[in-house]
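Note: hydrogens, waters and symmetry copies are ignored here, and every other heavy atom, side chains too, is used.
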Amino acid sequence: MGLYARISNIYVISLIMKTDKIGKWSELKLEIIKKYAKAYTRILSNENWCKGYFYIDAFSGAGFHESRNTGELIQGSPINALEIDPAFSEYHFIDLDKGKIGNLKQLVGEAPNKYFYNEDCNQVLMKSIFPKLPYNSYKRALCLLDPYGLHLNWETVMKAAELKTMDVFINFSVMDMNMNVLFDKLEYVTPENINRMNAFWGDDSWKDIIYKVNMNLFGDEYNKKEENFTKLGKEYRNRLKKTAGFTFVPEPILMRNKSNGPLYYLYFASQQKLADDIINDIFKKYK
């Protein structure tokens, strides 16, 4: 049991109203990220050139989750990161939910190397955190971009790649897309959801991947869903490499619910071969 899991039961229970219920798929994701983070700090702590390595959690939550399977409290990614030894130099926790980030701050305590932001992560990362991590700073970062839906902007991902100082995990929300974007006809998608998808994808080229114009026997045009989320997911991996500029983007893990329905792809992206080797070794144990 970790350090923060041994907090007074009364205090932890008081946090439940601010926690999210998660399934086994999310528990596996937390395991994967923690395993990589342990290797990450161990390696960088032995590099003399490195002047610091940050942990950035763009959708941090309250610090704990409630297991759908058992009802038990599960340590969230911020708590896992804080328990890792060697420790990160700085911790940056972001959440748009004031209650969740407030609970996390109360739970882990304030310190000069802990930063808490109750703002949109896209804005915070671009204006407050990324500027601290230019390549010539000799600082590096592990960044967790793990929204529940289409709340991550492509320009944020592009900037993370451009810095060449960051390894990132990205949640590609298949569930949100299936519910709100990937219909039989493009005309069924609301303007609001088109805008959300455009922001996540970076442009509207996703439409050409999913829909194409066909001609029926009478010469009339109609839209047909050409491929499902699998093709979109494959192309997103290509965009991370070719458009954003990450050198290494291994095949993601597709997380499914207990009914085998697709929930999200977990992507990893880096500029370093060693990082790619480590995450591939971890991923293959979960695929």
Side-chain angles (χ1 to χ4, degrees), residues 29-60 76-95 104 108 111-117 121-147 152-171 237 239-250 252 266-283:
K29 175 183 62 181
L30 290 169
E31 289 179 14
I32 290 169
I33 294 168
K34 187 173 183 178
K35 285 181 179 180
Y36 182 78
K38 285 181 176 179
Y40 185 86
T41 64
R42 184 177 67 250
I43 292 168
L44 286 181
S45 67
N46 290 317
E47 296 290 348
N48 293 330
W49 59 264
C50 185
K51 298 186 181 300
Y53 36 95
F54 297 6
Y55 174 80
I56 305 168
D57 203 326
F59 300 86
S60 65
S77 49
I79 307 302
N80 286 340
L82 286 161
E83 290 189 340
I84 288 172
D85 184 26
F88 286 90
S89 323
E90 292 186 14
Y91 301 86
H92 295 264
F93 303 118
I94 312 166
D95 204 289
L104 179 63
V108 305
N113 68 336
K114 296 178 188 174
Y115 300 84
F116 302 87
Y117 311 85
C121 74
N122 296 288
Q123 298 176 17
V124 172
L125 290 169
M126 297 291 276
K127 73 179 182 182
S128 301
I129 302 177
F130 285 173
K132 295 183 176 184
L133 293 161
Y135 192 77
N136 61 5
S137 68
Y138 298 99
K139 295 178 181 178
R140 298 294 183 262
L142 174 59
C143 185
L144 179 55
L145 303 171
D146 186 26
L152 175 65
N153 292 344
W154 178 251
E155 64 178 352
T156 304
V157 177
M158 286 280 289
K159 185 62 178 180
E162 177 188 320
L163 289 170
K164 299 187 183 301
T165 56
M166 308 183 71
D167 292 355
V168 300
F169 284 96
I170 300 174
N171 181 327
R237 182 188 178 201
R239 285 178 66 78
L240 288 173
K241 292 191 289 185
K242 297 178 181 179
T243 305
F246 284 106
T247 306
F248 299 98
V249 184
L266 179 63
Y267 284 89
F268 175 82
S270 177
Q271 307 292 2
Q272 303 299 322
K273 179 63 166 63
L274 179 57
D276 186 60
D277 291 340
I278 293 170
I279 202 64
N280 272 309
D281 186 57
I282 295 173
F283 271 9

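- Side-chain contact check for P86 versus Y53: some heavy-atom pair is nearer than 4.5 Å.
- Taking the side chain as every heavy atom from C-beta outward, Y36 and E31 never approach each other to under 4.5 Å.
- No side-chain heavy atom of Y91 sits less than 4.5 Å from a side-chain heavy atom of P78.
- Under the 4.5 Å side-chain criterion, counting only non-hydrogen atoms from C-beta, V124 is not in contact with H92.
- A donor-acceptor contact shorter than 3.5 Å links the side chain of N171 to the backbone of P147.
- Proximity of the aromatic rings of F268 and F283 is defined here by a centroid distance below 6.0 angstrom, and this criterion is not met.
- Inter-residue side-chain proximity for M166 and I56 is flagged as met; some heavy-atom pair is nearer than 4.5 Å.
- Between atom CD of residue E155 and atom CD of residue E162 there is a gap of 11.5 Å, rounded to the nearest 0.5 Å.
- Atom CG of L144 sits about 4.5 Å away from atom CG of D57, to the nearest 0.5 Å.
- Across every non-hydrogen atom of F246 and A161, the tightest pair is CE1-CB, 3.4 Å.
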| message | Between F169 and D146, is the side chain to side chain contact (heavy atoms under 4.5 Å, CB included) condition met? List the steps. | response | CA-CA 7 Å; F169 284 96; D146 186 26; over 6 Å; no
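- Interatomic distance, OG1 of T41 versus CG of N46, reported as 9.5 Å (0.5 Å rounding).
- Although no hydrogens or angles enter the test, the distance criterion places a donor-acceptor pair under 3.5 Å between the side chain of N122 and the main chain of N153.
- Under the 30°/60° scheme for interplanar angles, the aromatic rings of Y55 and F88 are found to be tilted.
- Residue K38 qualifies as open at atom NZ: its count of foreign heavy atoms under 6.0 Å is 12 or below.
- A pairwise comparison of heavy atoms in L145 and A58 identifies CD2-CB, 3.8 Å as the closest pair.
- Of the inter-residue distances, the one linking S270 atom OG with Y40 atom OH reads 8.0 Å to the nearest 0.5 angstrom.
- Here the closest heavy-atom approach between residue D95 and residue S60 is recorded as OD2-N, 3.6 Å.
- With contacts defined as side-chain heavy-atom distances shorter than 4.5 Å, the pair I278/I282 qualifies.
- In this structure the side chain of K273 reaches within 4.5 angstrom of the side chain of F248, judged on heavy atoms.
- Taking a 6.0 Å sphere around NZ of K241, one finds it holds more than 12 heavy atoms contributed by other residues, nucleotides or ligands.
- Summarising the geometry, atom CD1 belonging to I279 is positioned 9.0 Å from atom CG belonging to D167; distances are rounded to the nearest 0.5 Å.
- For the pair T165 and L133, the tightest heavy-atom approach, listed with the atom from each and the gap, is OG1-O, 2.9 Å.
- Under the 30°/60° scheme for interplanar angles, the aromatic rings of F93 and F116 are found to be tilted.
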| Between N80 and I33, does a side chain to side chain contact (heavy atoms under 4.5 Å, CB included) hold up when you go through it step by step? | CA-CA 9 Å; N80 286 340; I33 294 168; over 6 Å; no
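- In this structure a side-chain-to-backbone donor-acceptor pair under 3.5 Å is missing from K159 to L125.
- Residue-environment remark: NZ (K132) exceeds the threshold of 12 foreign heavy atoms within 6.0 Å.
- Rounding to the nearest 0.5 Å gives a distance of 7.5 Å between OH of Y115 and CZ of F54.
- Remark: E47 CD is packed, more than 12 non-hydrogen atoms of other residues, nucleotides or ligands lying under 6.0 Å away.
- Using a distance-only test at 3.5 Å, with no hydrogens or angles considered, no donor-acceptor pair links the side chain of R237 to the main chain of P252.
- I84 and K34 make their closest contact through CD1-O, 4.1 Å (heavy atoms, listed as atom of the first residue, atom of the second, distance).
- Nearest heavy atom pair, residue G76 against residue L30, reads C-CD2, 4.1 Å.
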| side chain to side chain contact (heavy atoms under 4.5 Å, CB included) assessment of T247 paired with D276 | CA-CA 9 Å; T247 306; D276 186 60; over 6 Å; no
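- Here the side chains of L240 and V168 are not in contact, with every heavy-atom distance at 4.5 Å or above.
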